[in-house]
Amino acid sequence: MGEPLLQVQNLCVEFQRHAIRAVDQVDLSVAAGETVGLVGESGSGKSTLARAIARLVPVAAGRIVFQGQDLLRLSPSQLRPWRRHVQLVFQDPLASLNPRMTVGDALQEPLKIFRPDMPPNERRAAVSLMLTRVGLQAGAAHRYPREFSGGQCQRIGIARAMIIKPALLICDEPVSSLDVSIQGQIVNLLLDMQRETHAAMIFIGHNLGIVRHVSHRVYVIYRGRIVEHAPCEELFLRPRHPYTRALIASIPQIPPVAVAVEPAVIETPHRTGGIRGCAFRDRCPHAREPCAAAAPALAPAAAGHWVACLRAGEI
Ligand SMILES: Nc1ncnc2c1ncn2[C@@H]1O[C@H](COP(=O)(O)OP(=O)(O)O)[C@@H](O)[C@H]1O
Ligand SMILES: [Mg+2]
C-alpha cells in the first residue's frame, strides 16, 4: 500500500452533555485504495469515529489529515470541496434517503453541489448510468425510496455516495439491516465499485466474517480506544488482545481461539469522562495491578501488528 490517504491522529470526540468520550485518542490510517475494517461491539464508538472523519460531528482534539491537509484546521467554506472526497454509506438505507425526493433527484444532488458546472443533461445521463451500474433500472430515477426494498435502497445509497467518485468511502454497517440472502450481493457490489474507482474504504461491521472477507487491515475498537490493529489475516489468525480474542471466539464460523473471557456483551456501559487504565481490565481474565494505572499504548507485536495490552507478550 502506498502513501496514506487518511491519517487520524490522537482523535477525541466527546458528547459533553452526556459526559461521554466516545472516541478516545484514536490513531488510524488508510492508504489509497485500501480497505480498512473497523470492529467492536455496539456502543464502542465506531459510528462516531466514522462521522468525525466525515466531519459530521465536532471533534474535541486531534488531527484528521486527508491527502496531506488537516481537515480540522479548515473553515467551513474551505472544508466544502473536501467533503466530496469522503462519502458515507449508512446502516439504514431507507432512513438515509429523503422520502420526498425522487431517486433521480437524490443522485443529482451531490453532482449539483460538487460539480455545479455539469450541464443538466449530462447530470441526468450520469444518474442513469450510475443506477444501472448498481443493478437498478434507469427508470428508478422517477420513483421514490419507499417503492424499493432494503437491498435496493442500499444500492441507491451506494450510487449516491459513489456518483462523485470519492477517494474514501466509509461504510457504517452497510448490510447489517439487510436480509442475509442479500448481504453478499451488496458487499460484492461495494467491492466491485471500489475495484473500478480505486476508492479507499473504511468498512464497519459486526459480522466479522464479512469484515475478514473485505478488509486488508483491521482495527479493533473498545470503549472508544483502538486496542489492536493488524493486517487482516494476521489479526484473525493471531489475535493478541484479550478483547479481540473474545470477539473472534464468539463467531462460530472461525475455529475458536482458546480464551477464558466471557463472550462479548452487546452494549458497552456509558461512562463519564475518560477511563483510567486499560478500558478492558474489568472484563479481562489477564488483568493485573499495572493495568489499572495507565491506558496501555499501542505497541508493535509483529510486522504491522499493534496491540495495546501490557500483557500481550505473556498471554
Ligand atoms: N449524538 C450523541 N449524543 C450523545 N451520545 C452519543 C451520541 N452518539 C453516540 N453517543 C454515544 O457514544 C458512544 C459510541 O456510540 P457509537 O459511535 O454509536 O457506537 P457504535 O457505532 O460502535 O455502536 C455510545 O456510548 C453512544 O451512546
Ligand atoms: Mg454504529
Side-chain angles (χ1 to χ4, degrees), residues 6 8 10-28 30 35-62 64 86-96 150 153-154 157-158 161 168-178 183 186-187 190 201-212 214-215 217-229 235 241 243-244 246-248 250-251 263-276 278-280 282-283 295 308:
L6 170 75
V8 170
N10 193 34
L11 192 73
C12 301
V13 179
E14 290 171 352
F15 295 109
Q16 280 175 358
R17 225 153 43 88
H18 307 261
I20 288 171
R21 179 174 273 201
V23 172
D24 195 3
Q25 300 176 60
V26 163
D27 288 330
L28 173 147
V30 182
T35 299
V36 165
L38 178 62
V39 299
E41 66 201 35
S42 179
S44 55
K46 303 179 300 294
S47 296
T48 305
L49 176 57
R51 295 169 63 79
I53 293 169
R55 300 298 291 107
L56 298 173
V57 291
V59 162
I64 301 173
V86 182
Q87 291 294 310
L88 272 157
V89 171
F90 297 94
Q91 175 174 353
D92 184 346
L94 188 57
S96 67
C153 283
Q154 199 55 298
I158 293 167
L168 175 65
L169 184 67
I170 305 180
C171 301
D172 190 356
E173 307 212 25
V175 298
S176 302
S177 71
L178 303 179
Q183 291 185 354
I186 298 295
V187 167
L190 282 167
M201 184 151 86
I202 296 177
F203 189 97
I204 299 173
H206 60 224
N207 180 328
L208 298 198
I210 294 178
V211 172
R212 185 175 186 173
V214 303
S215 306
R217 286 188 307 125
V218 176
Y219 285 73
V220 182
I221 187 168
Y222 182 72
R223 289 179 152 195
R225 290 181 189 159
I226 301 298
V227 296
E228 180 162 15
H229 66 93
L235 186 100
H241 197 286
Y243 176 63
T244 312
L247 265 187
I248 292 175
S250 64
I251 3 167
V265 294
I266 298 308
E267 183 76 36
T268 306
H270 284 205
R271 66 208 176 270
T272 52
I275 309 161
R276 237 176 91 85
C278 173
F280 189 58
D282 49 351
R283 284 168 59 188

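Counting convention: from 1, in listed order, for ligands and their atoms alike.
Between the side chains of D92 and S177, no donor N or O sits under 3.5 Å from an acceptor N or O.
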Could you walk me through whether F280 and H241 satisfy the side-chain contact (heavy atoms from CB on, under 4.5 Å) test, starting with their C-alpha distance in whole Å, then the side-chain angles of each, then the deciding distance to 0.1 Å, before giving a yes or no? CA-CA 10 Å; F280 189 58; H241 197 286; 4.0 Å; yes
**OP:** Begin from the C-alpha positions of Y243 and R225 and carry the test side-chain hydrogen bond (donor to acceptor under 3.5 Å, both in side chains) through to its verdict.
**Re:** CA-CA 12 Å; Y243 176 63; R225 290 181 189 159; over 6 Å; no
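Residue contact check: S47 has heavy atoms under 4.0 Å from atoms 17 (O), 18 (O), 20 (P), 21 (O) of ligand 1. Every atom of ligand 1 is numbered from 1 in the order shown, and the set under 4.0 Å from a heavy atom of S44 is 19 (O), 20 (P), 22 (O). Atoms of ligand 1 found under 4.0 Å from any heavy atom of H18 (numbered from 1 in listed order, with element): 3 (N), 4 (C).
When distances to the Mg ion (ligand 2) are checked against a cut-off of 2.8 Å, S47 contributes an N, O or S atom below that limit.
Taking 4.5 Å as the limit, some side-chain heavy atom of F203 sits within range of a side-chain heavy atom of I210.
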Compile the donor-acceptor pairs under 3.5 Å between side chains in residues 10-17 and protein atoms, sequence neighbours left out, one pair per line.
| residue | atom | partner | partner atom | Å |
| --- | --- | --- | --- | --- |
| E14 | OE2 | R21 | NE | 2.8 |
| E14 | OE2 | R21 | NH2 | 2.7 |

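Considering backbone and side-chain N/O atoms, F15 never comes within less than 3.5 Å of an N/O atom of ligand 1. For ligand 1, one of its N or O atoms has an N or O atom of G43 under 3.5 Å away.
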